[in-house]
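Here is the structure we will look at, set down as structure tokens.
Not measured: the values here are computed from a predicted model. Within every chain, numbering begins at 1; the chains are lettered A, B, ... in the order of the sequence lines, protein sequences first and strands thereafter.
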Amino acid sequence: MIARLIVSGFPDVEDADIQCTVPPSPELGDVSVPMFQLAKKLRKPPVVLAKEVADSVDFSAIAESVSLAGPYLNLILKRDYFAKQLFSRAFAKKEKWGSNASGAGKKVLIEHTSINPNASPHVGRGRCAMIGDSLVRLLRFEDYDVDVHYYVNDMGRQIALLVLMMEELDNPTFDEILEIYVKANVRAEADPEFAARGYELLARIESGDEEIRKRFFDITEMCLKGQLAVLQRIGAQYDFFDHESNYVNDPRLSVIEKALQSKGALFTDEEARLVVDLSKLGYPLEEGRFFVLRRANGSSMYGCRDLIYSIEKQEKGADYNLMVLGEDHKLYAQQLALILEAAGYPAPETIYYSYILLKEGKMSTRSGKVVLLTSVLDQAEAIALEKVTEQFPDLAGAEREDIARQVAVAAIRFAVLRVKPSKNVVFDMETALSFQGDTGPYIQYCCARIRSILRKWDQALPDLSSCAFAFDEEGEWRLVLKVADFPDIVKEALLLRSCAGIGNYLIDLAHVFTTFYHQCPVLTAKTEVQQESRILLCALVLQTLSNGLALLGIETPERM
RNA sequence: GCGCCCAUAGCUCAGUUGGAUAGAGCGUCUGCCUCCGGAGCAGAAGGUCGCAGGUUCGAGUCCUGCUGGGCGCGCCA
């Protein structure tokens with residue numbers, strides 16, 4: 001809007017040349033337009049240009065006043081006008097307020113989580129699920145048509161070892177699998193014969209042994225079910241489950257092999273393995289130059305199956321093909337991309353996240369050094385339930401439990417999602433179970449307070465068209481300005497493929513609201529105009545917070 | 001050894017495309033429940049933005065080198 005006004009007065013200037021920022025101090029104005037970039041383009045000193053713009057552009061439609069601070073143009077907005085625009089736009093969109101609808105008509109395929117079907121997921125695996133799931137919610141919010149895929153790694157060494165262990169056990173439950181898995185790995189380490197039997201199973205399953213295949217299927221389905229039950233607790237949703245075992249001996253592999261051969265990138269090494277030499281495809285380094293497709297006994301490697309799977313995903317024809325991967329897969333994904341591109345298939349867009357570490361060091365499912373997602377959730381729920389029971393002893397037990405569940409999910413999802421995926425995080429149970437300060441429950445609490453006010457108001461919201469929107473006090477005006485940022489925050493999150501910025505914005509917004517809450521009485525406001533304005537503002541903040549939290553997969557209880 | 005990622009207050013993290021005085025929370029200290037919900041609020045203390053150079057009107061942000069941590073580097077997935 002401001003940009004458009006400036007553009008109209010200056011030829012050769014585009015909207016994109018102008019960006020608005022928030023002045024460092026509210027006394028300077030509501031919106032600030034730095035002139036640096038535009039000055040460069042027009043080859044004028046920023047300070048001179050600022051004066052020129054201030055003199056020649058008429059901001060009176062939107063701004064109370066315009067002032068100059070060196071190279072900055074600071075505007076004080078017409079509060080009632082600005083608020084009316086904002087409120088009517090936001091209330092028209094409701095659950096969609098904040099969406100820029102940038103994905104309308106576009107299709108996205110995204111794969112995430114894809115845990116090996118062995119043990120109960122630890123918090124590190126949960127990070128992938130939460131990042132992926134939130135991205136899905138963000139994309140759908142922006143009107144993309146999204147299909148969520150989960151790759152079930154139902155083949156490979158680790159499953160083979162589990163299958164072997166099962167021979168000696170009597171129908172173990174999912175909860176016992178972690179222990180069995182750890183034992184299997186210790187045993188394979190110590191007993192090469194045991195490990196060899198595992199590889200043998202893999203070769204047999206690929207040659208079509210139905211009995212072995214069924215044994216693999218039974219164990220992986222049991223594990224998958226157990227894992228999904230946990231993932232469901234944190235709200236992760238999937239549309240399709242693609243089984244790795246469906247991608248062995250696929251005819252599409254010959255397309256790839258032909259392409260690699262024509263580039264001289266495929267060879268059989270001295271130990272009879274089928275190997276890709278990536279240096280022939282433009283890979284620049286010695287380290288990571290080779291990529292093994294098949295073992296000497298002819299059985300396929302993980303990457304071989306994954307190539308076919310990648311092609312299948314690509315063939316579904318989505319506008320965007322995304323996958324969320326741990327940082328340990330970076331080189332692997334790069335290698336895969338080179339091979340796919342050599343065969344004429346575009347590679348998926350990858351989103352990486354770093355590991356969650358423990359104070360004692362890194363987690364490892366293989367060695368059993370893990371903090372399980374279930375254990376964090378259980379503890380968080382127990383603490384939340386205690387608190388809710390103390391506060392609302394009259395609520396039905398089921399309702400209290402539901403609130404506790406929502407609070408627990410908020411605590412863990414928010415703690416994980418608000419930090420940038422590129423950062424290693426050190427998991428600390430005490431911090432994860434804290435509901436104070438910059439946490440998910442704090443934002444939920446903020447929502448519960450607003451709901452409480454709206455319950456007490458107990459009548460229809462004031463009419464937008466007749467409301468005068470008086471926001472004279474700093475506390476309420478700052479809140480209006482903060483809410484107005486929401487669509488840009490969403491846009492930026494989409495661009496960065498990360499919801500972390502949304503989490504941090506919501507914390508900010510919740511803080512600004514709570515300051516307002518303590519400064520500006522709503523139900524007992526002095527004038528009717530003020531009361532109506534504030535009620536509407538409360539409703540708008542609630543809509544913004546709950547829309548934002550929904551993107552993070554966090555619900556907002558009516559009371560807590 | 002080589003490559004990628006990370007380093008901001010005692011701790012956990014924000015910090016827009018390079019822009020005005022680097023911000024929150026936890027912890028510490030001081031106040032605040034006759035007042036719309038104290039899972040809260042107001043305030044204080046706490047910083048050579050890992051180190052050293054460079055680019056420029058201007059660097060936490062970009063470039064180079066170094067240090068420390070994470071990840072990876074041919075029959076794991």
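Residues that satisfy the side-chain hydrogen bond (donor to acceptor under 3.5 Å, both in side chains) test with A:Thr515, not counting sequence neighbours, are absent from this structure.
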Any N/O pairs under 3.5 Å between the protein and nucleotides 31-36 of chain B? List them or say none.
residue	atom	partner	partner atom	Å
B:rC36	O3'	A:Lys456	NZ	3.0
B:rC36	O2	A:Val522	N	3.4
B:rC36	O2	A:Leu523	N	3.0
B:rC36	N3	A:Val522	N	3.0
B:rC36	N4	A:Tyr517	O	2.3
B:rC36	N4	A:Cys520	O	2.9

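Of the residues listed (A:Leu357, A:Ile356, A:Val370), the one engaging A:Lys362 in a side chain to side chain contact (heavy atoms under 4.5 Å, CB included) is A:Leu357, and it is the only one. When each of A:Arg294, A:Glu244, A:Glu206 is paired with A:Ser300, the side chain to side chain donor-acceptor pair (under 3.5 Å) condition holds for A:Glu206 and for no other.
Look at A:Phe36 and the base of B:rG19; the rings stack, centres closer than 5.5 Å and planes less than 30° apart. Where stacking is scored as ring centres under 5.5 Å apart with planes under 30°, A:Tyr442 does not register as stacked on the base of B:rG40. Stacking between A:Phe290 and B:rG74 is present: the aromatic ring centre lies within less than 5.5 angstrom of the base six-membered ring centre, and the two planes differ by under 30 degrees.
Across the P atoms, B:rG10 and B:rG47 are found 6 Å apart, a figure rounded to whole Å.
The side chain of A:Arg305 lies closest to B:rA77, out of B:rG3, B:rA77, B:rA39. Comparing B:rC5, B:rA77, B:rC2 by their nearest atom to the side chain of A:Glu287 picks out B:rC2.
A:Asn297 contributes a side-chain N or O that, together with a main-chain N or O of A:Ser299, makes up a donor-acceptor pair within less than 3.5 Å.
Atom CD in A:Gln444 sits roughly 15 Å away from atom C1' in B:rG37 (whole-Å rounding).
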